[in-house]
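Take a look at the structure below.
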Amino acid sequence: MEFIHIPFLFLYTLALVLLIISFILIKHHLSIWLLLTLAVFSGGLFLSNSYILAYPHIRNFTFYKSEPVTIRGVVGSFPEIKPNSSTFVLTAQELIWAGKVYPVCGKVLVKIFRKVNPAPRSKSCTRLVRDKERGFTRCGVNISFADQVILEGKLFRPYQARDGQPSYRKHIENQGIYSILTVSKNKPIRYLGKSRVNPLKSFVYKIRNKSADILSKNLKSSPAGIFSAMILGERSKIPPYLNRLFIQTGTVHILAISGLHVGIIAFILELLLKALRIRRRLRYLVIIFLLILYCLLTGARSSVIRATIMVIVLLSGFLLKKETQITHSLSLAALIILMANPRELFNIGFQLSFISVISIVYLSPMIKNLCNPKFNLCNHKSIRFFISAFSVSLAAWLGTSPFIAHYFKIISPITVLANLVVVPYLTLVIALGFNLLIVGFVFPALAGVFSAPANLSIVILIQIVKFFNQIPCAYFYL
Amino acid sequence: MLNLTYQERRVILFIIVVALVGLGINFLSKHYSQIRVVGYVNQELNRINLNQATVGTLIDIPGIGRILAQRIIDYREHYGEFKDISELKNIKGIGKSKYEIIKDYFIVN
């Protein structure tokens with residue numbers, strides 16, 4: 001595990017002993033606690049088991065001295081395309097090393113150092129088609145999700161920080177990736193065909209590509225980067241100095257899609273569908289479906305999954321006319337995410353996302369109660385609203401700041417104030433961004449008109465963040 | 001706080017048993033997996049033989065255009081068959097860097 005290592009078999013025998021005891025004591029009224037412990041144990045076993053790799057795992061072919069190998073596999077993620085390189089996850093199937101073919105399993109992060117065409121294959125030039133018959137493409141690469149490819153490159157393990165700091169290696173190992181394959185410029189890429197794709201996923205991928213296109217065509221580069229982070233979950237296009245600005249003021253969470261964004265989007269959808277006079281039950285069902293689509297569209301990060309599950313639970317509570325508790329939906333979300341990948345537990349995004357919700361749920365009422373007696377005199381509606389907003393902001397900061405101090409070595413008290421301004425403003429920004437996207441899809445000629453306010457909103461957002469950043473004692477590096 | 005009936009408890013216990021058995025099977029299958037060799041590759045198979053290449057096959061290699069392909073063919077016709085890939089460096093238009101790029105596509109026999 002992350003800090004301590006307990007052998008799997010030891011845990012397993014312990015769980016078996018517990019199992020036998022609970023079999024014997026199942027009629028006893030205390031046996032529920034036994035069952036609970038057992039469930040926690042099986043969760044731990046699940047986590048422990050995820051650290052054990054099969055012998056033909058691709059990591060066992062990754063040596064300290066990187067060797068040239070050939071790997072056959074299926075592209076398992078949407079390629080992330082940068083000007084001169086592209087990255088994607090490859091599910092390896094076969095590996096050729098020193099003239100021998102080994103069946104392997106496991107995932108590899110592939111980095112291809114050359115220009116990549118993001119456009120779907122239909123657009124490609126005739127030369128590409130001819131090249132595909134020969135096996136490799138020459139005017140750039142054309143790789144998309146679920147392609148079967150053969151790649152030639154060098155395998156190595158990601159670099160690790162010396163002390164126990166969260167490093168890149170830990171980060172991608174928690175996603176089940178232990179090795180990186182770099183494919184240099186002159187190595188061929190063979191395209192074998194397409195494996196069966198989930199039609200929903202490829203549909204979502206097309207929408208994502210199209211939206212990214214609309215954003216980058218109609219907006220200037222840094223607003224486009226910020227919008228594609230806020231709406232599509234693609235954070236690579238944000239310029240580093242802006243990223244630093246957002247981190248220092250503690251508002252970087254608006255750049256990563258989280259519950260806030262999903263909530264705003266659900267709200268916008270609700271308004272839209274209400275305007276179309278769709279009945280309430282049907283409306284909620286449509287919203288649930290669209291939110292799931294959106295979750296897939298943004299790459300299904302744990303914070304988005306969490307928010308989506310919580311909104312779905314809330315809406316289905318309305319549908320079934322049952323009351324729901326936020327703690328229940330939160331734990332359900334945690335359970336689902338951890339069942340999919342138990343090592344998400346050590347993901348910074350997962351921790352921050354859940355700790356902020358927990359602290360908002362439990363701490364903010366306390367803070368509100370502390371404030372209330374003193375401000376009883378001015379019992380005005382707006383002041384009460386301000387106090388509740390302030391307590392939410394403060395609670396979230398109190399909850400997350402220990403984690404942020406540990407991981408990012410920064411404490412920024414300005415967060416509490418900055419979020420009071422930035423978060424309400426974000427609703428407007430996201431609404432403008434969605435507006436632009438919808439117009440871009442339906443009526444591209446008008447997109448130019450709608451892009452100007454979107455641009456302006458981002459410029460104002462950056463100015464607000466800059467203002468908070470300049471306040472003295474806004475942040476301290478540890 | 002927690003009140004589950006006898007039947008519900010049995011259901012939970014059943015689910016946990018299934019999960020534990022599944023984990024055990026998963027662990028064993030990982031533990032007894034082996035690295036196998038399923039085949040051997042002739043690494044020269046997908047390369048182009050310099051002594052039999054035509055202009056058409058040479059053009060398809062990234063970094064080689066029509067003129068350079070023609071020069072390679074001319075070189076072969078003039079000096080006879082290639083004995084080593086490094087002979088490519090003698091051709092006008094193939095410097096050190098270009099040679100590094102294209103050498104992996106060829107074999108000589």
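Labels below follow one simple rule: chain letters A, B, ... track the order of the sequence lines, proteins then strands, and each chain is numbered from 1.
Judged by distance alone, with hydrogens and angles left aside, the side-chain atoms of B:R9 form no donor-acceptor pair with the main-chain N or O of A:I32 at under 3.5 Å. A donor-acceptor pair under 3.5 Å links the side-chain atoms of B:S33 to the main chain of A:Y55, judged by distance alone.
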Dump the intermediate steps for side chain to side chain contact (heavy atoms under 4.5 Å, CB included) on A:V101 and B:Y40, then the final yes or no. CA-CA 6 Å; A:V101 185; B:Y40 295 90; over 6 Å; no
Should B:L13 and A:L19 be marked as a side chain to side chain contact (heavy atoms under 4.5 Å, CB included) after you check the CA-CA gap, both sets of side-chain angles, and the distance that decides it? CA-CA 8 Å; B:L13 196 63; A:L19 190 72; 4.1 Å; yes
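Heavy atoms closer than 4.5 Å to chain B are found in the side chain of A:F61, but not in its backbone. The contact between A:Y12 and chain B is made entirely by side chain atoms (from C-beta outward), counting heavy-atom distances below 4.5 Å. Only the side chain of A:L9 comes within contact range of chain B, with heavy atoms under 4.5 Å apart. Heavy atoms of A:F46 lying under 4.5 Å from chain B belong to its backbone as well as its side chain.
In this structure the side chain of B:F27 never reaches within 4.5 angstrom of the side chain of A:L45, judged on heavy atoms. Residues B:V38 and A:K100 fail the side-chain proximity criterion, which asks for heavy atoms closer than 4.5 Å.
Top candidate by heavy-atom pairs under 4.5 Å with chain A, chosen from B:G22, B:A19, B:G24, is B:G24.
Nearest heavy atoms, B:I16 versus A:S42: CG2-OG, 4.1 Å.
Taking CZ of B:R10 as the start and CG of A:L35 as the end, the distance is 12.5 Å to the nearest 0.5 Å.
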